[in-house]
Each structure stands twice: as structure tokens, then as C-alpha cells.
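Working notes, structure below.
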There are 2 protein chains.
Amino acid sequence: MSDKLLIRVDVREIRSGVTQLLQQNQLLRVEFEELPVGDFILSDEVCVERKAATDFVLSIMDGRLFGQVAQMKATYLRPIVVLEGDVFNTRSAISRESLMGAISWLNVIEGIGTVHSRSAAETAAFLEVMCRHAQQGLGYEIPLRGSKPKDLNVLAQYAVEGLPSVGPSTAKKMLEHFGSARRVFTATPEELRGVKGVGAKMSEGIAQLLDHQLGKS
Amino acid sequence: MSDKLLIRVDVREIRSGVTQLLQQNQLLRVEFEELPVGDFILSDEVCVERKAATDFVLSIMDGRLFGQVAQMKATYLRPIVVLEGDVFNTRSAISRESLMGAISWLNVIEGIGTVHSRSAAETAAFLEVMCRHAQQGLGYEIPLRGSKPKDLNVLAQYAVEGLPSVGPSTAKKMLEHFGSARRVFTATPEELRGVKGVGAKMSEGIAQLLDHQLGKS
DNA sequence: ACTTCCGATCCTTGA
DNA sequence: TCAAGGATCGGAAGT
């Protein structure tokens, strides 16, 4: 019972004030890892992504947030985003509706809870509580929103979207057409054109990328 | 498509400022009902409980919150609590820990998202967005990946970074090792392990993703 | 997230 | 049947 709670922290958070505070906390044992996704792992099921206000806004604008969220959902049953600071008062030129849209999207569509904290200290305190809940919870399993197997689809889509001129819609159609990501990546330009929305230009561009031998910059 | 979004509001919210604002919103059609649970029904799945800061605190202290939440969970797939105002600055003699405990409990254990709003107006705005998301989804798709580079070398690396657990440095090494992106994507797990930094776990994860047959839509 | 803009792709026409 | 034109869709860029 006297065992400390284990919290696994991504190495990129090492220097953050939050982490310092966690280490000072006698109830916690902090371990650093290079996490492929998320910032704090509270249990096998619960993963926390911490976003300072400005970073949250930036990650919306450059699209990082969506990929991160997709990956969190693929790995953890209960991903949670902690928003640190006042997201509505960053200097960034983002519209209010975009911001609210993002928060709503997380909660309503993705089923990812958002916890607001006002400072690093508060974030650390929240993490302690959340950690206890995640590990000692109530013991019973909670039926969850996301299904696991389906999530490989998302990861596959994520990979395919890396191709030039390929967005969400084309990526989906390609995966449907070819069955797997590997078969998309091995397809010839002619085969690619079999996908609706993919014409000469796109198929050539993709082939060019795939077969490109790296050289001069 | 031009139909307004329907939002069902509990009769006890009739006189609230939030409701007034909802009624003025041309995009919404407001209907009042005596709801057995929750304050706003946004869809068959999504239900919102609005808690002004002081009320939130009170409902924690007298234990009401837990019952309400249990009922919401029983009826709706995705219950959400909107916290209006500054919950940490009510006059009530509640400890910070209890407050954070309640918020953590909602998110971590119950899987109920908490959205913070600073005023009735903001709550109303949030409800509009959430209502749209609940009923129509986004209405478009978000690219999982951010904007793409144009330089072929960089682009190839970018594409490879789409693989799970593969960051910039691993991607670079893979490309050097295999010569082209296509050859990375066609590699077997054993071949992948030939790259420094890629072990059993990562190579298996990658292969699994590449060969994953997508489940049906 | 949301909006706007631009280009590729697709589809119809019409010779 | 095929080429040219315009409508539509989806990706990219910007706020």
C-alpha cells in the first residue's frame, strides 16, 4: 500500500516545470522514457497530453494536434488533454470559433476529455490525482468509446496521407482500393490511377517520391 | 441541410441567460422538455450538464454530482459537463484537492469530458458548436498530417515518418539504409531490424501496420 | 478548427 | 470515339 504511484514521463518533458514538481512529490515515482505518443502515462489505459496554451493553439494551426490525437487513441483507451493556461488569450491569430471547435471536437467527436489547469503547479497537482484515479480507480473496467482494432485503420491512413497530394479522402479511398498500406506503397502509377480521384499527375508524383534516390539537397 | 440544429433544453434552464442566447441563435431550434437527466440534449448520444462554478462546488459537497453523473452515463453514450465560471474561486470552503479530485474523477474514471467556459455567452457559443458536432460531425475531414514539404528528399523522409514510432532520425537512417521510400515500405521486419535504432518491437509494429487489412466502414 | 483559394480530376458535351 | 469545356471535389495555405 505504501508503494508509490508510477508515472511514466516522456523525455521531452524532462526540463519542464511540471516534471520537476512531479519529482518532488513523495507520492510519485517518476520514470522517463521516450514515448512514441503522449507526455504522461498514468496507467495502461490512461495517457495525458499536456498542452500549454500557446502550444495548443499552434498545434491546431499547423495540424499537429490531429495526428497526435489519432495516435493516442490508437494506443490508449482513455487519452486526456490537459490545457495549461488561458487558451483564449494567446497572441496567435486564431479565431474563437476555431478554438472552441477544437475543444468541442476533442470532447464530442473524439471522446477525449479536456482538463484545464492554470499553471504548471496546478498541472502537476492534477497529474497526481489523475494518476491515483487511473491506477487505483475503482477497479472495475469502464466500457469505452473507442474500439481498438479499428484504430489500425487510422494509423494506416496517417501513413498514407504522407504521400504528396494525398489527403484524408484520397488516403481512405486508396486503402479501400488496395486493402493495405503496403499495397498502396508498392503500387505502380497505373495501378494508382485505378483509384477515383487519382489521375496522371498525382500518380506520377507519388511514384516519383517513392522511387526517389536520395541525393543533393 | 438547411434545417436548424435541434437542441433540447430542460425546463429548469428556461430562465437562464444561456437559454436566452440559444433562442436568439438562428442556427438553433430550442425545445423545452422536462428532462429526467442533464440540462441540454445535443443528440441521442451527447448530453450536457451545465454547472455554474458555485453550483458545481455545492454539488460536490452534498454529493449530488455523483448521482447526476451516474444517470447521465446510464442514458447517454457521451455525457459532458460544462463548467461555467471560475470553479477555484468560489467562496465555498472546499479544498482544492476535492475540486481537482472531482474533475479528475469525471475525466479519468467516468470518462466524462469537462469543458470550461467563462460566461453564459461562452457556454451558449460552446453549445452551438457542440450541437453541430454531435449531429453532423465536422462536415469535412481534417488531414491527420500537417503541411507537406516540397523538396523530394525531405518529402521522402516525411512519408517514412508516417510509420509508427518513427521520427526524423530513424526515418533518415531507414532511407539511407534502403535507398528509397518504396524499399522501406516493402521491407520485411527482419530487414527493418538491420537499421540501427530499430528493434523487434518497432519492426513488428511497422509490419503490422503495413499489412493490416482494414476493417469495414 | 475554420475559411478561402487553387488546381487536378472527372463528366458532359458536341463534333 | 475522343477532345475540349466546365462543374466538382479535395488538398494546400493562411488566419
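Chain A is the first sequence line, chain B the second, and so forth, proteins listed ahead of strands; every chain is numbered from 1.
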If I take atom [atom1] in residue [X] and atom [atom2] in nucleotide [N], what distance separates them, rounded to the nearest angstrom?
X	N	atom1	atom2	answer
A/Ile112	C/dA1	CD1	P	12 Å
A/Ile94	D/dT15	CD1	P	13 Å
A/Glu204	C/dA8	CD	P	14 Å
A/Lys172	D/dG10	NZ	C1'	12 Å
B/Ile142	D/dG11	CD1	C1'	14 Å
B/Leu27	C/dC2	CG	C1'	15 Å
B/His133	C/dC2	NE2	C1'	10 Å
B/Glu141	C/dA1	CD	C1'	14 Å

Closest contact, heavy atoms only, [X] versus [Y]:
X	Y	answer
B/Ile112	B/Pro79	CG2-O, 3.3 Å
B/Cys131	B/Leu6	SG-O, 3.7 Å
B/Arg145	B/Tyr158	NH2-O, 2.9 Å

Tell me, yes or no, whether the heavy-atom count around B/Asp44 atom CG, taken from other residues, nucleotides or ligands under 6.0 Å, exceeds 12.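 12 or below, so no.
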
Taking the nucleotide of DNA chain C with the nearest heavy atom to each, does B/Leu138 or A/Arg193 sit closer to the 5' end?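 It is B/Leu138 whose nearest nucleotide is closer to the 5' end.
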
Heavy atoms from C-beta onward define the side chain here; which of [options] lies closest to that of [X]?
X	options	answer
B/Lys148	C/dC2, D/dA12, D/dG10	D/dA12
B/Ser147	C/dA1, D/dA13, C/dC2	D/dA13
A/Ala93	C/dA1, D/dT15, D/dG11	D/dT15
A/Met202	D/dG11, C/dT9, C/dA1	C/dT9
A/Ser169	C/dA1, D/dG10, C/dC2	D/dG10

Think [X] has a side-chain N or O under 4.0 angstrom from the OP1 or OP2 of [N]?
X	N	value
A/Thr170	D/dG11	yes
B/Tyr140	C/dC2	yes
A/Lys201	C/dC6	no
B/Arg145	D/dA12	no
A/Lys173	C/dT9	no

With no hydrogens and no angle check, just 3.5 Å: does a side-chain donor-acceptor pair link B/Gln157 and B/Glu161?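 There is such a pair (donor and acceptor under 3.5 Å, judged by atom type) between the side chains of B/Gln157 and B/Glu161.
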
May I ask you to say what A/Pro168 touches in the nucleic acid, namely base, sugar-phosphate or nothing, with a heavy-atom cut-off under 4.0 Å?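 Touches sugar-phosphate only.
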
Touch check for A/Ser95, heavy atoms < 4.0 angstrom, all strands: base, sugar-phosphate only, or nothing?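 Result for A/Ser95 = nothing.
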
Can you measure from CE (B/Met72) to CD1 (B/Ile80) and round to the nearest 0.5 angstrom?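 One gets 9.0 Å once the value is rounded to the nearest 0.5 Å.
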
For the atom pair CG (A/Asp86) and NE2 (B/His116), what is the distance rounded to the nearest 0.5 Å?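 It is 12.0 Å, given to the nearest 0.5 Å.
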
Bend across the helix from C/dA1-D/dT15 to C/dA15-D/dT1, to 10°, with axes taken over 5 pairs at each end?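 Inter-axis angle at the ends, rounded: 10°.
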
Donor-acceptor check, side chain of B/Arg183 to backbone of B/Phe178, threshold 3.5 angstrom: yes or no?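 Yes, B/Arg183 side chain to B/Phe178 backbone: donor-acceptor pair under 3.5 Å.
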
Under 3.5 Å, is there a donor-acceptor pair between the side chain of A/Arg78 and the main chain of A/Glu45?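 No, the answer is negative, given that no donor and acceptor are paired below the 3.5 Å cut-off.
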
Salt bridge present between A/Arg64 and A/Asp55 (N-O < 4.0 angstrom):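 Salt bridge between A/Arg64 and A/Asp55, a charged N being under 4.0 Å from a carboxylate O: yes.
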
Between B/Lys172 and B/Glu176 (salt bridge meaning N to carboxylate O under 4.0 Å), is one present in this structure?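 Salt bridge: no.
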
Members of residues 51-67 of chain A that approach DNA chain C, where some heavy atom sits under 4.0 Å away: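 Residues of residues 51-67 of chain A under 4.0 Å from DNA chain C: A/Ile60, A/Met61, A/Phe66.
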
